[in-house]
Number of protein chains: 2
Amino acid sequence: MEYQEAKDKFINTWGSLGSLWGINKAMAQIQALLFISTKPLSMEDIMDELQISRGNTSMNLRQLMDWGIVTKESVPGERKEFFTTEKDVQELARVIAKERSRREIQPVIKILNDVSSIKDDGTEKTKELIKQTKALHDLTETADAMINKLVNQQQNWITKSLMKLIK
Amino acid sequence: MEYQEAKDKFINTWGSLGSLWGINKAMAQIQALLFISTKPLSMEDIMDELQISRGNTSMNLRQLMDWGIVTKESVPGERKEFFTTEKDVQELARVIAKERSRREIQPVIKILNDVSSIKDDGTEKTKELIKQTKALHDLTETADAMINKLVNQQQNWITKSLMKLIK
DNA sequence: ATAAACTTTCAATAATTATTGAAAGTTTAA
DNA sequence: TTAAACTTTCAATAATTATTGAAAGTTTAT
């Protein structure tokens with residue numbers, strides 16, 4: 001497998017995987033492209049490489065910046081803007097986990113809590129609803145907490161290792 | 001909030017959350033409905049409750065059975081078939097984690113491994129592609145392993161607790 | 001102040017994904 | 001064996017989501 005084939009394969013795989021972490025194909029592909037690029041890329045560069053329109057590129061870059069995993073960069077002497085992505089996979093994982101928790105998991109936890117807090121009228125079906133949504137609430141909360149703890153532990157481990165190197 | 005409202009809220013929330021664990025709305029809603037039902041439901045029951053077509057119900061029930069979280073049940077004296085879902089949230093989490101790993105994460109790990117194994121031609125861009133996909137490969141593999149370990153640990157914890165009660 | 005270089009916005013359109021419903025298929029009871 | 005009861009399949013259609021491209025907006029250099 002040559003460079004170009006490997007590159008395309010990576011971008012496509014990462015792109016279709018986007019749905020797994022809740023972002024669309026173009027967004028994931030742009031991130032993938034930046035992730036393996038050795039230098040910041042301009043909008044033109046991205047459009048050319050991925051064969052997507054200017055509007056699409058602009059909108060998805062914006063979203064990636066909102067997520068905090070892509071940053072604008074100005075290159076001296078150049079008028080247009082260049083973009084880079086977070087290159088450290090651990091930090092990338094940390095940001096993604098945090099954002100997904102905030103955007104999707106927290107709201108669900110809140111609703112499950114609301115639903116499981118309805119007043120118990122004594123009927124079997126109400127009891128079952130309360131019991132099961134409470135169980136789901138607890139599970140979701142625990143899973144969310146564990147993911148965050150886990151990702152932050154990784155972070156601490158990395159930080160510590162870096163600290164040792166710097167000292 | 002009354003029973004019906006809470007029920008609808010739960011089914012809708014769980015339904016729209018479906019995308020988070022990679023299944024479609026109807027599929028998630030059917031699972032949610034079964035999850036809070038006090039007795040097995042027939043296809044008619046599900047169609048009526050969720051206002052969806054027979055075909056849709058049939059196809060999504062099939063998928064849920066493929067996932068292993070819904071099972072057919074026959075009720076004596078009844079011609080039609082009834083369905084139930086796994087009621088233990090821990091076991092549900094275990095099955096979902098396992099299936100997602102098998103269906104989505106493992107194939108990605110394989111491709112990342114392939115891509116990161118291309119021969120190093122010494123150019124900077126090839127070195128970067130290898131380095132970054134390798135990092136992503138390792139992260140994905142570690143995360144996948146941790147999720148599985150975690151879910152199984154929960155399982156063990158539960159099993160132990162139950163054992164204590166039984167003894 | 002102007003115009004070139006560049007980016008954003010958003011209505012229109014395309015692509016994808018989900019849903020329907022009726023015909024075909026299967027099972028069961030008599 | 002037949003026909004009623006029930007389930008599955010799948011082509012057609014609807015709903016949703018992503019993408020385009022051109023007009024409007026912004027920034028920068030002179």
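All chains are named by letter (A, B, ...) in the order of the sequence lines, taking the proteins before the strands, and each is independently numbered beginning at 1.
- Of the two residues near DNA chain C, Met59(A) and Lys25(A), the one whose nearest nucleotide lies more 5' is Met59(A).
- Atom CD in Glu44(B) sits roughly 8 Å away from atom P in dC6(D) (whole-Å rounding).
- Val108(B) and Met1(A) end up in the same hydrophobic cluster when Ile, Leu, Val, Met, Phe, Trp and Tyr side chains are linked at under 4.5 Å.
- Judged by distance alone with a 3.5 Å cut-off, no donor-acceptor contact links the side chain of Arg79(A) to the base of dA29(D).
- Using a 4.0 Å cut-off, some side-chain N or O of Arg62(B) falls inside it from OP1 or OP2 of dT9(D).
- At a threshold of 4.5 Å between side-chain heavy atoms, the hydrophobic network of Ile, Leu, Val, Met, Phe, Trp and Tyr places Leu50(B) and Phe82(B) in two separate groups.
- Rounding to whole angstrom units, CD of residue Glu78(B) and P of dC6(D) are separated by 8 Å.
- Nearest-nucleotide positions on DNA chain D for Ala26(A) and Ser58(B) put Ser58(B) closer to the 5' end.
- With hydrophobic clusters built from ILVMFWY side chains whose heavy atoms lie under 4.5 angstrom apart, Met47(B) does not share a cluster with Ile30(B).
- The main-chain N or O of Leu129(A) is found under 3.5 Å from a side-chain atom of Thr133(A) such that the two form a donor-acceptor pair.
- The CE atom of Met27(A) sits 12 Å away from the P atom of dT19(D) (whole-angstrom rounding).
- The nearest whole Å value for the distance from the CG atom in Asn56(B) to the P atom in dA11(D) is 17 Å.
- For Ile30(A) and dT19(D), the CD1 to P distance is 9 Å, given to the nearest whole Å.
- For the pair Arg54(A) CZ and dA24(D) C1', the computed distance is 14 Å after rounding to whole Å.
- Distance Met65(B) CE to dT7(D) P: 10 Å, rounded to the nearest Å.
- Residue Asn24(B) is in sugar-phosphate contact alone, with no base atom involved, counting any heavy-atom pair closer than 4.0 Å across all strands shown.
- Following rounding to the nearest Å, Leu64(B) (CG) and dT7(D) (C1') show an atom-to-atom distance of 16 Å.
- Of all nucleotides present, only dT9(D) satisfies the Watson-Crick or G-U wobble test against dA22(C), with each distance under 3.5 Å.
- Within 6.0 Å of the CZ atom in Arg103(A), the count of heavy atoms belonging to other residues, nucleotides or ligands exceeds 12.
- Under the Watson-Crick or G-U wobble criterion, with both distances below 3.5 Å, dA30(C) is paired with dT1(D).
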